[in-house]
Every structure is written in C-alpha cells, then in structure tokens.
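FYI, side chains are in, hydrogens and waters are out, and symmetry mates aren't considered; it's all heavy atoms of this structure.
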Amino acid sequence: MSGVDTARFWSLLRQLPAPDDAEFLYGADEAGRLRTDNLRRYLELIARSRPGVMLIGEAPGYRGHTISGISFTSVRQLTARPGPITGDPDGDGFRVPRDPAFGWEASSAVVWGAMASWRGALPLFWPIYPHHPHEPGRPESNRTPRAAEVAAGAPVALALAEAFAITTFVAVGRKAEAALARNGVPAVAVRHPAQGGARIFARQLAELNASLTGRTR
C-alpha cells in the first residue's frame with residue numbers, strides 16, 4: 001500500500017471489544033466484508049498522495065460510515081462520479097451495498113463538500129472510537145461513545161496515524177480533541193459539522209488548509 005504498513009492498525013481494530021450497544025463494522029459477514037474491502041481501498045487511494053493531515057471524528061454514524069466502512073463517507077460518495085478521491089470519471093472503485101438503508105449522511109456531505117476546495121493531499125479520515133455506538137436494541141441510531149470507549153479506541157486511531165506518518169491532527173469535536181490531548185497529541189480543534197456546525201466547520205477547515213499551504217484567503 002504505497003509503503004504504508006497498516007498491519008498494527010488492523011490488529012488493534014479487530015482486538016477492540018464491542019459491547020452489546022456498539023457494532024464492530026469489519027466482521028466476516030457480507031456487510032463486514034464490504035466495509036473491509038472499502039476501507040482497504042480507501043487507505044490505498046489516500047496513501048498514494050502521502051497525506052500529512054488526519055481528520056479524527058467521534059464515531060461511525062448509522063447513515064454513513066456504518067454502511068460504507070469509511071469515515072465521513074456515505075453511499076453518495078461511494079457512487080460519486082467522478083470519484084471524489086481520484087477524480088476518475090468512473091469513480092473510485094468502491095463496493096456499494098445492495099439496497100442500502102440510507103443513501104446519504106449530512107456530515108459526510110459537509111466534509112466532502114469541504115474537500116472539493118482542499119489544496120494538496122486529501123486528509124486521512126478516521127474516528128476516535130471505531131465501533132458504531134447505538135442505543136440499546138436500535139442499531140439504526142447513534143449514541144455518544146462513553147469515555148472508556150473513546151480511551152480504548154484512541155490507540156487504534158494513533159496506530160493508523162503512525163502508519164501514515166501523520167504530522168497534523170484535526171480533532172472534529174470535543175471527544176476527539178480530549179482523547180488526543182490525553183495521549184499527548186496536539187491537535188487543531190474544529191467544530192463538528194452536525195447540529196448546525198456545517199458553516200463553521202467548512203470555514204475552519206479552509207483556514208487550516210490555507211495556513212498549511214501558505215495561501216491567503
């Protein structure tokens with residue numbers, strides 16, 4: 001994968017226990033295999049441009065990552081033409097689930113909308129807690145990950161960052177920001193795009209991109 005060794009990341013991800021009200025997304029079932037294939041494809045594509053920035057969110061959402069296998073990504077981005085990563089007119093080569101329960105996610109739309117004007121290598125996306133936390137008995141819901149879950153998930157995110165030699169961390173929301181700080185990792189904090197934060201998120205990301213590339217807005 002373009003010189004990127006993600007073996008430790010995958011090992012830690014698979015070793016992280018999932019409680020009854022959280023879903024491990026990369027299992028041996030059909031949906032799990034699709035997510036795994038998509039995540040591997042995503043990491044391979046992102047590795048080609050050697051990203052230095054990592055966007056770390058909170059946890060997978062049931063409308064996006066939980067279906068696609070890729071953070072901040074819904075079926076809409078999987079099927080986008082041209083591909084949002086490669087620009088290929090035939091798309092990025094992701095697998096698409098048959099009859100997905102949801103075709104889009106608001107946060108995914110905002111994040112990829114911001115990527116349309118991003119200069120340089122696209123950031124690497126991943127959540128601070130990699131399992132999908134949901135309300136008990138309601139997998140098509142989201143709940144806030146517990147402090148213990150965030151703490152347990154942080155090493156997975158940091159292993160991925162280490163594999164890619166990430167130099168700039170962007171914490172999307174307070175959960176990610178606090179977890180990175182506890183691990184001694186300084187991060188640029190931006191507003192989460194959900195719950196009315198879309199415009200602030202997009203502005204903060206544009207300002208960060210400008211500072212990293214030396215451009216003036």
Side-chain angles (χ1 to χ4, degrees), residues 1-2 4-49 51 54-112 115 122-135 137-143 145 149 153 156-157 159-160 163-164 172:
M1 188 189 294
S2 301
V4 176
D5 183 2
T6 58
R8 183 167 175 267
F9 158 74
W10 282 104
S11 177
L12 291 176
L13 176 61
R14 288 177 170 137
Q15 291 172 26
L16 185 65
D20 291 340
D21 56 355
E23 178 185 6
F24 173 59
L25 300 178
Y26 304 97
D29 61 310
E30 182 179 355
R33 292 195 303 272
L34 181 145
R35 297 184 198 109
T36 299
D37 288 348
N38 280 348
L39 179 56
R40 288 191 183 279
R41 173 67 174 167
Y42 168 74
L43 296 178
E44 175 188 345
L45 293 178
I46 290 295
R48 294 177 184 177
S49 59
M54 184 174 185
L55 246 65
I56 303 185
E58 182 174 287
Y62 72 96
R63 286 179 169 267
H65 186 165
T66 299
I67 295 175
S68 70
I70 304 167
S71 186
F72 293 123
T73 300
S74 68
V75 170
R76 180 174 292 178
Q77 286 77 43
L78 295 183
T79 59
R81 304 289 187 276
I85 299 175
T86 64
D88 190 312
D90 294 324
D92 287 334
F94 294 119
R95 293 180 58 194
V96 181
R98 290 175 293 182
D99 302 318
F102 302 95
W104 70 283
E105 178 189 59
S107 293
S108 295
V110 173
V111 171
W112 281 103
M115 290 300 101
L122 289 176
L124 172 66
F125 299 162
W126 190 250
I128 198 66
Y129 182 60
H131 300 332
H132 169 227
H134 56 78
E135 298 297 332
R138 295 180 57 221
E140 289 187 354
S141 67
N142 296 325
R143 69 166 171 80
E149 292 171 329
V156 181
L160 185 60
F164 277 79
V172 184

Closest non-hydrogen contact found for S141 with H132 is O-NE2, 2.8 Å
If you count the non-hydrogen atoms of other residues, nucleotides and ligands that lie under 6.0 Å from CG in D20, is the total more than 12?
no
Within 6.0 angstrom of R138 CZ, more than 12 heavy atoms from elsewhere:
no
So which heavy atom on R14 is nearest to which on T36, and how close?
NH2-CG2, 4.0 Å
P97 side chain reached by L78 side chain, heavy atoms, under 4.5 Å
yes
Can you check side chain to side chain contact (heavy atoms under 4.5 Å, CB included) on L12 and R8, steps first, answer last?
CA-CA 6 Å; L12 291 176; R8 183 167 175 267; 3.9 Å; yes
I'd like to know if the side chain of S11 reaches the main chain of F9, judged simply by a donor and an acceptor atom lying under 3.5 Å from each other, with no hydrogens or angles considered.
no
Compare all side-chain heavy atoms of V75 with those of W104 and state whether any distance is below 4.5 angstrom.
no
Could you check whether any side-chain heavy atom of L43 comes within less than 4.5 Å of a side-chain heavy atom of V4, counting everything from C-beta outward?
no
Kindly indicate whether the side chain of S108, heavy atoms from C-beta on, has any atom under 4.5 Å from the side chain of R76.
no
If every non-hydrogen atom of I56 is compared with every non-hydrogen atom of P127, which pair is closest and at what distance?
CG2-C, 4.0 Å
Considering all heavy atoms, the nearest R81-D90 contact:
NE-O, 2.9 Å
Any side-chain heavy atom of S68 within less than 4.5 Å of one from E105?
no
Separation between CG of L160 and CG of L39, rounded to the nearest 0.5 Å
8.0 Å
Is there a side-chain contact between Q77 and M115 (heavy atoms, below 4.5 Å)?
no
Answer yes when E44 and R40 have at least one side-chain N-carboxylate O distance shorter than 4.0 Å, and no when they do not.
no
Please step through side chain to side chain contact (heavy atoms under 4.5 Å, CB included) for the pair T73 and Y42, ending with a clear verdict.
CA-CA 10 Å; T73 300; Y42 168 74; 5.7 Å; no
Hey, does S74 have a side-chain heavy atom less than 4.5 Å from the side chain of F102?
no
Using the test ring pair (Phe, Tyr, Trp, His ring centres under 6.0 Å), find all partners of H131 that sit at least two apart in sequence or belong to another chain.
F24, Y129
Can you give me the closest heavy-atom contact between I85 and D92, atom names plus distance?
N-OD2, 2.9 Å
For the atom pair OG (S71) and CE (M54), what is the distance rounded to the nearest 0.5 Å?
8.5 Å
Could you tell me which residues satisfy ring pair (Phe, Tyr, Trp, His ring centres under 6.0 Å) with F125, sequence neighbours excluded, listed by chain and number?
F72, W112
What's the shortest heavy-atom distance between P133 and P60, and which atoms?
CD-O, 4.0 Å
Counting only N and O atoms by type, is there a donor-acceptor contact under 3.5 Å from the side chain of R95 to the main-chain atoms of R35?
no
For the residue pair F94 and L34, establish whether any side-chain heavy-atom pair is separated by less than 4.5 Å.
no
Under the side chain to side chain contact (heavy atoms under 4.5 Å, CB included) criterion, do Y26 and N38 qualify, and how do the steps go?
CA-CA 10 Å; Y26 304 97; N38 280 348; over 6 Å; no
